[in-house]
Amino acid sequence: MKKETCDKVFSALSELYPEARAELHFSNPFETLIATMLSAQCTDKRVNMVTETLFQDFPNAKSMLTLTQSELEERIRECGLYRMKAKHILEACKILVDNYDGRVPDTRKELMALPGVGQKTAGVVLLAAFGDDQIPVDTHVFRVSNRIGLAKANTPDKVELQLRDVINEGERSKTHHLLIWHGRRICHARNPECEKCPLNNGLCEKNL
């Protein structure tokens with residue numbers, strides 16, 4: 001897709017979703033990291049239900065480490081994949097306490113060295129907790145970008161690189177949220193509501 005067309009796509013989505021923002025609930029870098037780790041293959045709504053009390057009772061890495069893995073599993077069971085997530089969260093918390101005095105690091109390399117933290121999770125933490133201009137590619141960004149023609153790639157990492165080429169610096173974080181909101185509200189994985197979509201006028205390659 002040409003840069004000029006991409007700009008029109010982002011303009012249309014901005015008009016459709018002026019309030020687009022992160023829908024996970026967090027108030028600091030530690031909460032951002034844990035909530036994002038829990039969100040893998042789980043809805044933000046369900047994660048928010050779990051973290052509301054989890055963060056009240058265990059607000060930092062040191063306090064989280066007072067839980068056994070089985071205890072944490074019970075606290076996060078509703079998020080799915082809870083055994084693996086509990087294991088990774090406790091391992092990550094130990095590294096934070098041992099190596100960073102409980103602080104969440106603010107570089108992609110350090111974040112991705114934490115258990116359970118990949119490219120997408122690191123990007124979300126850098127974007128949401130530290131204000132970096134990132135375009136993390138989750139399942140919605142991946143699907144919508146490929147479907148409408150912003151990118152043509154078969155892995156999230158490749159989609160992210162292609163999006164960086166067509167999104168202006170300073171606009172990537174905003175565009176990340178716009179694509180997620182569009183994927184959740186109109187451009188569904190199954191049965192996208194194309195008749196409601198403002199891109200259904202020559203801006204989406206699916207309908208050309």
Going through the checks in order, is the side-chain hydrogen bond (donor to acceptor under 3.5 Å, both in side chains) test met by Glu110 and Thr107? CA-CA 5 Å; Glu110 290 174 303; Thr107 70; 2.8 Å; yes
| Should we count CD of Glu4 as having more than 12 external heavy atoms under 6.0 Å? | no
What verdict does the side-chain contact (heavy atoms from CB on, under 4.5 Å) test give for Gln41 and Cys79, after you've listed the backbone C-alpha separation in whole Å, the side-chain angles of each residue and the deciding distance to 0.1 Å?
CA-CA 8 Å; Gln41 298 186 39; Cys79 291; over 6 Å; no
When you measure from the side chain of Ser39 to the backbone of Cys42, do you find a donor-acceptor pair of N or O atoms at a distance under 3.5 Å? no
Looking only at side-chain N and O atoms, does Arg83 offer a donor or acceptor that is under 3.5 Å from a partner on Gln69? no
Note: Ala128 and Phe26 closest approach over all heavy atoms is CB-CZ, 3.5 Å
Stepwise side-chain contact (heavy atoms from CB on, under 4.5 Å) check, Thr155 with Val137 = CA-CA 9 Å; Thr155 69; Val137 177; over 6 Å; no
**Prompt:** Under 6.0 Å from the CD atom of Glu15, do we count more than 12 heavy atoms belonging to anything else shown?
**Reply:** no
(Q) Please evaluate residues Glu171 and Thr175 with respect to the criterion side-chain hydrogen bond (donor to acceptor under 3.5 Å, both in side chains), reporting the C-alpha separation (whole Å), side-chain torsions for both, the decisive distance (0.1 Å), and the verdict. (A) CA-CA 6 Å; Glu171 295 292 323; Thr175 305; 5.2 Å; no
For Ser70 and Glu73, does a side-chain donor sit closer than 3.5 Å to a side-chain acceptor? no
Tightest non-hydrogen contact, residues Cys197 and Ile186, listed as CB-CG2, 4.0 Å
Between Ala35 and Val47, the two heavy atoms sitting closest are O-CG1, 3.8 Å
| task | For Ser11 and Asp7, indicate whether the former's side chain and the latter's backbone hold a donor-acceptor pair under 3.5 Å. | result | no
side-chain hydrogen bond (donor to acceptor under 3.5 Å, both in side chains) test vs Tyr82 passes for just one of Glu74, Arg75, Arg77, namely Arg77
- Please test Glu52 against His25 for side-chain hydrogen bond (donor to acceptor under 3.5 Å, both in side chains), starting from the C-alpha separation and ending with a verdict. CA-CA 8 Å; Glu52 182 176 5; His25 295 167; over 6 Å; no
Review point. Would you call Leu72 and Met64 a side-chain contact if the rule is heavy atoms closer than 4.5 Å?
Key: yes
(Q) Checking the side chain of Arg143 only, and the main-chain atoms of Asp138 only, is there a donor and an acceptor separated by less than 3.5 Å? (A) no
query = Is there a side-chain contact (heavy atoms from CB on, under 4.5 Å) between Ile148 and Leu203 once you walk through the steps?
reply = CA-CA 8 Å; Ile148 68 180; Leu203 295 179; over 6 Å; no
(Q) Taking atom CD as the centre, does Glu193 end up with more than 12 heavy-atom neighbours from other residues, nucleotides or ligands that are less than 6.0 angstrom away? (A) yes
Heavy-atom donor-acceptor pair, Asp133 side chain to Ser173 backbone, under 3.5 Å: yes
CZ (Arg21) and NE2 (His177) are apart, to the nearest 0.5 Å, by 10.0 Å
When you group the ILVMFWY residues by side-chain heavy-atom contacts below 4.5 Å and let the links chain together, are Leu126 and Val124 in the same group?
no
The reported gap from CG in Leu179 to CG in Leu150 (rounded to nearest 0.5 angstrom) is 6.0 Å
Exercise. Please step through side-chain hydrogen bond (donor to acceptor under 3.5 Å, both in side chains) for the pair Lys8 and Asn201, ending with a clear verdict.
Key: CA-CA 11 Å; Lys8 292 179 180 178; Asn201 59 356; over 6 Å; no
Would a hydrophobic clustering, with Ile, Leu, Val, Met, Phe, Trp and Tyr connected at side-chain separations under 4.5 Å, put Phe55 with Val104? yes
*Go through the steps for Glu160 and Arg172 under the test salt bridge (charged side-chain N to carboxylate O under 4.0 Å, His left out), then give the verdict.*
CA-CA 10 Å; Glu160 180 174 341; Arg172 291 167 182 160; over 6 Å; no
To the nearest 0.5 Å, atom CG of Asp57 lies from atom OG1 of Thr51 at 11.5 Å
Here the gap from Asp157 atom CG to Phe142 atom CZ, rounded to the nearest 0.5 Å, amounts to 10.0 Å
Whether Asp44 and Arg184 form a salt bridge (side-chain N of Lys/Arg under 4.0 Å from carboxylate O of Asp/Glu) is what I want to check. yes
Worksheet item: Please walk me through it: do Asp106 and Leu111 pass side-chain contact (heavy atoms from CB on, under 4.5 Å)?
Response: CA-CA 7 Å; Asp106 60 0; Leu111 285 167; over 6 Å; no
Q. Under a 4.5 Å side-chain heavy-atom rule over Ile, Leu, Val, Met, Phe, Trp and Tyr, are Tyr100 and Ile34 clustered together?
A. yes
- Message: For the NZ atom on Lys158, are there more than 12 heavy atoms of other groups (residues, nucleotides or ligands in this structure) within a distance under 6.0 Å?
- Response: no
* Asked: Does Met37 share a hydrophobic cluster with Ile180, counting links as ILVMFWY side-chain heavy atoms below 4.5 Å and allowing steps through other members?
  -> no
Would Val166 and Leu127 show up in the same hydrophobic cluster when neighbours are defined by side-chain heavy atoms closer than 4.5 Å?
no
| Do Arg185 and Trp181 meet the cation-pi criteria used here (NZ or CZ under 6.0 Å from the six-membered ring centre, within 45° of the axis)? | yes
To the nearest 0.5 Å, atom CG of Leu54 lies from atom CD of Glu31 at 9.0 Å
message = If we ignore hydrogens and angles and just use 3.5 Å, is the side chain of Asp101 paired with the main-chain N or O of Arg103 as donor and acceptor?
response = no
Of all heavy-atom pairs linking Val117 and Ala122, the shortest is CG1-N, 3.8 Å
Practice item. Return yes if some donor-acceptor pair links the side-chain N/O of Asn200 with the main-chain N/O of Cys194 below 3.5 Å, else return no. Key: yes
### Query
Just by modelled atom types, is the Thr68 backbone N or O under 3.5 Å from a matching donor or acceptor in the Glu71 side chain?
yes
- Heavy atoms of other groups near Lys62 NZ, more than 12 under 6.0 Å: no
Quiz item: Does the Asn60 side chain pair with the main chain of Phe30, one donor and one acceptor, at a distance under 3.5 Å?
Solution: no
- Query: Backbone N or O of Ala40 within a donor-acceptor pair of the Lys85 side chain at under 3.5 Å?
  - Reply: yes
Is there a donor-acceptor pair under 3.5 Å between the side chain of His176 and the backbone N or O of Pro136? yes
In this structure, NE2 of His182 is separated from CG of Leu16 (nearest 0.5 Å) by 7.0 Å
